[in-house]
There are 2 protein chains.
Amino acid sequence: MPSLRDVAERAQVAVSTVSAALNGTRPVAAATKLRIEQAAAELGYRPNLLARGLQSKRTRILALLFPAPRSGFGLTEMQFATGAAEAAGELGYHLLLSPESADPIEELRHITGLGLVDGVLLMEVRLDDERTEFLSAAGVPFSMIGRTREPGSIDYADIDFAATARDAVAHVAGLGHRTLAFFNLSTDLYADGYGPATRAGEEFAAAARAAGIGYVDGYRPGSAEEGREAFERLLEAHPDVTALAVMDDHAAVGVIAAVAARGWRIPEDLTLMLVLSSARVAEMFNPRLTTLEPPSTELGRLGAQMLIDRLQGDGPPQRHLVPCRLVLGESSAPPRSLS
Amino acid sequence: MPSLRDVAERAQVAVSTVSAALNGTRPVAAATKLRIEQAAAELGYRPNLLARGLQSKRTRILALLFPAPRSGFGLTEMQFATGAAEAAGELGYHLLLSPESADPIEELRHITGLGLVDGVLLMEVRLDDERTEFLSAAGVPFSMIGRTREPGSIDYADIDFAATARDAVAHVAGLGHRTLAFFNLSTDLYADGYGPATRAGEEFAAAARAAGIGYVDGYRPGSAEEGREAFERLLEAHPDVTALAVMDDHAAVGVIAAVAARGWRIPEDLTLMLVLSSARVAEMFNPRLTTLEPPSTELGRLGAQMLIDRLQGDGPPQRHLVPCRLVLGESSAPPRSLS
DNA sequence: ATGAAAGCGCTAACAT
DNA sequence: ATGTTAGCGCTTTCAT
């Protein structure tokens, strides 16, 4: 690999001039600059990122702290990563995938202590997240995909749960349903302070109230079996329910089975929709389910962009809320009473 | 961040001694070593990877070339990444996620020219893959998840398609089926030289032949709609088929619909299994499908391990073939004629 | 067994 | 506008 010196020799100038010409850090005569660029091109010169980073204290590498694959892990998480990696690449940065071990704080201490990364991207942020406190205290720039209860001045990109819930409610209300039921994520996740569980729950309730339709929640099935059970309990307690939004896609499997077991059909007897599941997952169901698809790639992109913005300058904290996209399946229809 | 010099001062020794003590690169008196370690611990010293890399030409960073999300993209690809990242971490390495742009070769030239990575991990390797030629020519160490037609001396970890096909055939033959049909991946992927499409196809044929059961292939549905059609054509041409293995999970959705449309049931009238789909996907179906789950995390881990082995020493090329795991669903049963 | 010093490739202050 | 020079934090000869 040719170095700056090689380019300098070939262009008959000093190294610092080459550096300046290539980085635009100080004025260089047009003719000189041309010679330098030519020499660099001929040699196939590539700046050594390590040397540059050692000197400048900026590596242009971002770490994405990647949680250990939980049960309900999939596309969404991957899209955070690919979105962030893409956006980083476009802005001249690189993304390091840092799997989170048992001790996330130790992990962070490690990765930030190496001088390898300029900043950290956090995902799967919980309402109370010790990682944010550590990073703030350590003075490491970071941004969040998702958000804590009190993001303060931390940059974040999260799902716009309020808008998402409004869209969902408007969808079922528009079809003529008068009561919507909501199955939240599993009790485990909920108790763990997983943001989407809490926020989606609250916002669905609020949106239903605002729209003036009935609303039933309190169920948190985390598996097909639990989904089946929950649905049966639901109908027992609220036989008037005609529309159901489900967050856990395995629970949806159970709901569909329970619907069939009862001799009911979707969408004739029940409008069923997924919340925060990708369309790819929704179309694995039969019938194809309506879903509110999370903007995962976009959130990943925003996460990287915000962090890079922060690294390059400052400005007020960025707060992005992106709504899910309603993807219509074959599981939405007016309630039986109207048809 | 404290540097080696800080540690040296505190321990009252020369920098080079600290380096030696911490890296074990030359003998250091036990007492001195202890003092140094203590000083390092007290200061919370972390070696600066950039400085180390600049000097030693080894960064302990691996790049994972991540293809642009295709249609059938999901868990599998993510597990390659997380598996590789985990294994790398355990071995003291880091994993850079490098999304592949339109021009993969340019991408590679870029990422390897920066002096940032010690080696490259390739995934989604096609039978003829220009990336391998580039890397070989450039002298960049790399390993493959998947493999080219002629891997030569390149380290790889791939699915053991022969064993996987044998297991699948044994499963259906063991249930009493006499004829197995096989739906390959979409024509696009197949034509593109995507390894699993070709290899799975060949090995299923061979395994069926070896087991002495009938075998039907030639179908490549890449969507639910195509799956439905393919199944109808299949039954028209081969009414004796009682078992079907499907590679594309969207196609499986169509098959299931077609089965239902005919008034048939699974598994009573058709044994249906997925090939190379994760159990998590298989259980989204109703009934839960039997699947041959790819060892994706394991392949990712192996990919990283092999590459690190190669970087640290040499030895004969490593070739790992890992079979899929048969995960039983509710879609497997003896053929009707036997029940 | 330990220390002194050179240098990896780059940036940035300081000269000219 | 350009050149000279001093490091960034580390590894690695070469001395001692």
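Values reported hereafter were calculated over all heavy atoms of this structure, with side chains retained and with hydrogens, waters and symmetry mates removed. Per chain, numbering begins at 1; letters A, B, ... match sequence-line order.
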Exercise for the section: Select one nucleotide: of D:dT11, D:dT2, C:dT11, the one nearest the side-chain heavy atoms of B:R52. Expected result: D:dT11
Fill in the blank from the handout: Closest of D:dC10, C:dG9, D:dT2 to the B:L4 side chain is D:dC10
Practice task
Measure from CZ on B:R35 to P on C:dA1 and round the result to the nearest Å.
Solution key: 15 Å
Can you list, pair by pair, the side-chain donor-acceptor contacts under 3.5 Å of residues 142-151 of chain B, counting residues two or more places apart and other chains?
residue	atom	partner	partner atom	Å
B:S143	OG	B:G303	O	2.9
B:R147	NH1	B:D158	OD2	2.8
B:T148	OG1	B:E150	O	3.4
B:R149	NH2	B:D128	OD2	2.6

Exercise for the section: Would you kindly give the CG-to-C1' distance between A:D118 and D:dC8, to the nearest whole Å? Expected result: 15 Å
Practice task
Using a cut-off of strictly less than 4.0 Å, decide whether B:S19 has a side-chain nitrogen or oxygen near OP1 or OP2 of D:dT11.
Solution key: yes
Exercise for the section: Among the candidates D:dG3, C:dT2, C:dA1, find the nucleotide nearest to the side-chain atoms of B:T32. Expected result: C:dT2
Problem - Between D:dG9 (C1') and B:L43 (CG): distance, integer Å - result: 15 Å
Handout entry: Exam field: side chain B:S153 to backbone B:P317, donor-acceptor pair closer than 3.5 Å
Key = no
Fill in the blank from the handout: Here the distance between atom C1' of D:dT11 and atom CZ of B:R5, to the nearest Å, is 16 Å
Practice task
Spell out, as yes or no, whether a donor-acceptor pair under 3.5 Å connects the side chain of B:S19 to the backbone of B:V15.
Solution key: no
Handout entry: Whole angstrom value for the distance that separates P of D:dG9 from CG of A:L116
Key = 15 Å
List every contact pair, protein side and nucleotides 13-16 of chain D side both N or O, where the distance is under 3.5 Å.
none

Exercise for the section: Nearest whole angstrom, please: distance from the P of C:dT11 to the CZ of A:R60. Expected result: 11 Å
Problem - Check: B:T59 side chain, B:G53 main-chain N or O, donor-acceptor pair, under 3.5 Å - result: no
Handout entry: Minimum-distance nucleotide to B:T17 side chain [options: C:dG3, C:dT11, C:dG9]
Key = C:dG3
Problem - Nucleotide nearest B:T25 (side chain, heavy atoms from C-beta), chosen from D:dT12, C:dC10, C:dG9 - result: D:dT12
Handout entry: Any N/O donor-acceptor pair, B:Q55 side-chain to D:dG9 base, under 3.5 Å
Key = no
Handout entry: Between P of C:dG9 and CG of B:L49, the distance in whole Å
Key = 18 Å
Exercise for the section: Return the 5'-most residue of the pair B:L50, A:V28 with respect to DNA chain D, ranking by each residue's nearest nucleotide. Expected result: A:V28
Handout entry: B:R46 side-chain N/O to B:M1 backbone N/O, donor-acceptor pair under 3.5 Å
Key = no
Practice task
State, with a plain yes or no, whether a side-chain heavy atom of A:L321 is found less than 4.5 Å away from one of A:Y156.
Solution key: yes
Problem - Euclidean distance, atom CZ of residue B:R58 to atom P of D:dC10 [Å, nearest integer] - result: 18 Å
Exercise for the section: Look at the side chain of A:D129 and the backbone N and O of A:R131, then say whether any donor-acceptor pair between them is shorter than 3.5 Å. Expected result: yes
Handout entry: Phosphate OP1/OP2 of C:dT11 contacted by A:N23 side-chain N/O (<4.0 Å)
Key = yes
Handout entry: Pairs involving residues 308-322 of chain A, ordered by first then second residue, that meet salt bridge (charged side-chain N to carboxylate O under 4.0 Å, His left out) (sequence neighbours left out)
Key = A:D155-A:R310
Exercise for the section: Give a yes/no answer on whether the side chain of A:K57 brings an N or O atom under 4.0 Å of OP1 or OP2 in D:dG9. Expected result: yes
